[in-house]
Peer 1: 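Can you keep this structure in mind? I'll have questions shortly.
Letters A, B, ... are given to chains in the order of the sequence lines, protein chains preceding strands, and every chain is numbered from 1.
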Amino acid sequence: MLTTRPRGTNDVIPGEVEKWRWVENQFFKICAHYGYNEIRTPVFEHTELFQRGVGDTTDIVEKEMYTFTDRGGRSITLRPENTAPVVRAYLENKLYAGPQPVKLFYSGPMFRYDRPQAGRFRQFHQVGAEVFGTSDPAVDSEVIAMIMDFYGRLGLKNLELHINSVGCPVCRPVQRRELKKYFQPNLGDLCKNCRERFEKNPLRILDCKERRCAEAGVNAPSTLDCLCPDCADHFAQVKRHLDLLNIAYVIDRRLVRGLDYYTHTAFEIVARDIGAQSSIGGGGRYNGLIETCGGPPTPGVGYALGMERIILTMERQGIAIDTSAKSDVFVVTAGTEAADMAYKLLFDLRSAGISADKDYLGRSLKAQMKYAGKSGAHFVVIIGAEELARGTALVRDMSTGEQEEISTDSIAAYFERIKNTCSP
RNA sequence: GUGGGUGUAGCUCAGGAGGCUAGAGCACCAGAUUGUGGCUCUGGGGGUCGUGGGUUCAAGUCCCAUCAUCCACCCCA
């Protein structure tokens, strides 16, 4: 073989791709149902969009971006996430001038230079949605409800919804001060990483998975303890709306998302069945992002879901999708005399809207039947010298084995009638 | 970026501590008296043993490197 696929990328081959199509279609249906419109943005953007939007000090920007200089000397980055690009498109196309809020959804590949492992790839796919122009907490919960509705339709089980509030520019300094006050005396107990975080972003210490940091942080003041009255009220309203919809959640005061733009609500959906990379979706509110990107002060909420992880979870939970692309009819020839007639018949069926196929390997009648059986075709049309002479063909129902002789002129109409009477 | 496990036909795996043409099941293809599938039987094709070095008279089996993959860290979808 000349070469293999680049590390951390995947081919989605027949048998797999049907699952993708099905999951995507379920998502598109949900989006239409909830009043969201699709938006498509480029897979690459100017690097500064992510530096400023996602945040210069985040891991994503610091060490995971596919960045290169194009032939015109511009710094270009393959998108590592799609919220910043959608915000950019919202501003560039002046969608803020239309009726608000603007509700958008997307689907597509994202790129992060991570070390691959189960559920983590360098090119991975997200579906997601964003709502711009309203700070109503009922939208935070609408967006969460939409995700849970989607997962429900896929048949996913044993999911945990984690929610938290990370505050706003008013309460952030308070959190910072309180956290530093808490960790200061025990700074030596923290891991090396967290000692740096202590200075740069003490909030992140709460997110550390090291046992000693987790232990040191058990009684740490959480973001929830430091919320300003507005944020506290917002979070209460989000919870109230979730309760109204009977959506179960756990308050995860350690949930701190790794993108700088989040304010107020942050959430994540965890599937325990797929290993360490267990987050199958996450998002939150980002009321400052649009302004950061040079737009008018505009609130926003959104989320992204990982397609690979969703499909992995479905597989682990034994959720099967019908993956076969079956033809209605398989045309079989007996002997060589009827070959031309069979070929014409094949295309007549197709133009009548009947999906049809035939053998192209010169197989024997028996082998053609075998192949037809494996292809899953519901009917086989057999035509040989005798039928040719009589202007007919044999129609065999593969599930019952019953055969009928039909004139070739009326065969397309015959199948159309069957389709109309017993199609789902 | 760090640590550990794995790498033999399309798939799942055998190949005790190096030695004769590398095996099985499934899958694929073809036959089982001349025009018919799903069961059964028979036969066949297919592997430079991830790749590149090294040790040895001799390596799939030992050593090194590299790539890929998996697990954990990290990060997140």
Peer 1: Not counting sequence neighbours, list each pair that qualifies as a ring-ring contact (aromatic ring centres under 6.0 Å, His included) and has a residue in residues 35-66 of chain A.
Peer 2: A:Tyr66-A:Tyr113
Peer 1: Using salt bridge (charged side-chain N to carboxylate O under 4.0 Å, His left out) as the criterion, list what pairs up with A:Lys180, not counting sequence neighbours.
Peer 2: A:Glu199
Peer 1: Could you identify which residues of residues 299-311 of chain A place a heavy atom less than 4.0 Å from some atom of RNA chain B, listed by residue number, or say none?
Peer 2: A:Ala304, A:Gly306, A:Arg309
Peer 1: Just list the side-chain donor-acceptor pairs under 3.5 Å for residues 337-350 of chain A, sequence neighbours left out, or say none.
Peer 2:
residue  : atom : partner  : partner atom : Å
A:Arg350 : NE   : A:Ala356 : O            : 3.0
A:Arg350 : NH2  : A:Ala356 : O            : 2.9

Peer 1: Please, which pairs that meet ring-ring contact (aromatic ring centres under 6.0 Å, His included) have at least one residue in residues 376-406 of chain A, sequence neighbours excluded?
Peer 2: A:Phe379-A:Phe415
Peer 1: Please list, by residue number, the residues of residues 25-50 of chain A whose heavy atoms come closer than 4.0 Å to an atom of RNA chain B; answer none if no residue qualifies.
Peer 2: none
Peer 1: Within 45° of the ring axis of A:Tyr360 and under 6.0 Å from its six-membered ring centre, is that where the NZ or CZ of A:Lys358 lies?
Peer 2: yes
Peer 1: So which of residues 266-280 of chain A are in contact with RNA chain B, with a heavy-atom cut-off of under 4.0 Å?
Peer 2: A:Ala276, A:Gln277, A:Ser279, A:Ile280
Peer 1: Got a list of side-chain donor-acceptor pairs under 3.5 Å for residues 268-278 of chain A, not counting sequence neighbours?
Peer 2:
residue  : atom : partner  : partner atom : Å
A:Glu268 : OE1  : A:Arg257 : NH2          : 3.4
A:Arg272 : NE   : A:Glu160 : OE2          : 3.4
A:Arg272 : NH2  : A:Glu160 : OE1          : 3.3
A:Asp273 : OD2  : A:Gln317 : NE2          : 2.6
A:Gln277 : OE1  : A:Arg309 : NH2          : 3.3

Peer 1: Summarise protein proximity over nucleotides 31-47 of chain B in one line of letters, 5' to 3': B for base, S for sugar-phosphate only, - for none, counting protein heavy atoms closer than 4.0 Å.
Peer 2: ----BBBB---------
Peer 1: Per the side-chain hydrogen bond (donor to acceptor under 3.5 Å, both in side chains) rule, what does the pair list look like for residues 128-139 of chain A, sequence neighbours excluded?
Peer 2: A:Thr83-A:Glu130, A:Glu130-A:Tyr286
Peer 1: Name the stems that RNA chain B belongs to, where each is three or more consecutive Watson-Crick or G-U pairs with both distances under 3.5 Å?
Peer 2: B:1-7 with B:67-73, B:10-13 with B:23-26, B:28-32 with B:40-44, B:50-54 with B:62-66
Peer 1: For residues 369-389 of chain A, which residue pairs pass the salt bridge (Lys or Arg N to Asp or Glu O under 4.0 Å) check, not counting sequence neighbours?
Peer 2: A:Glu386-A:Arg390
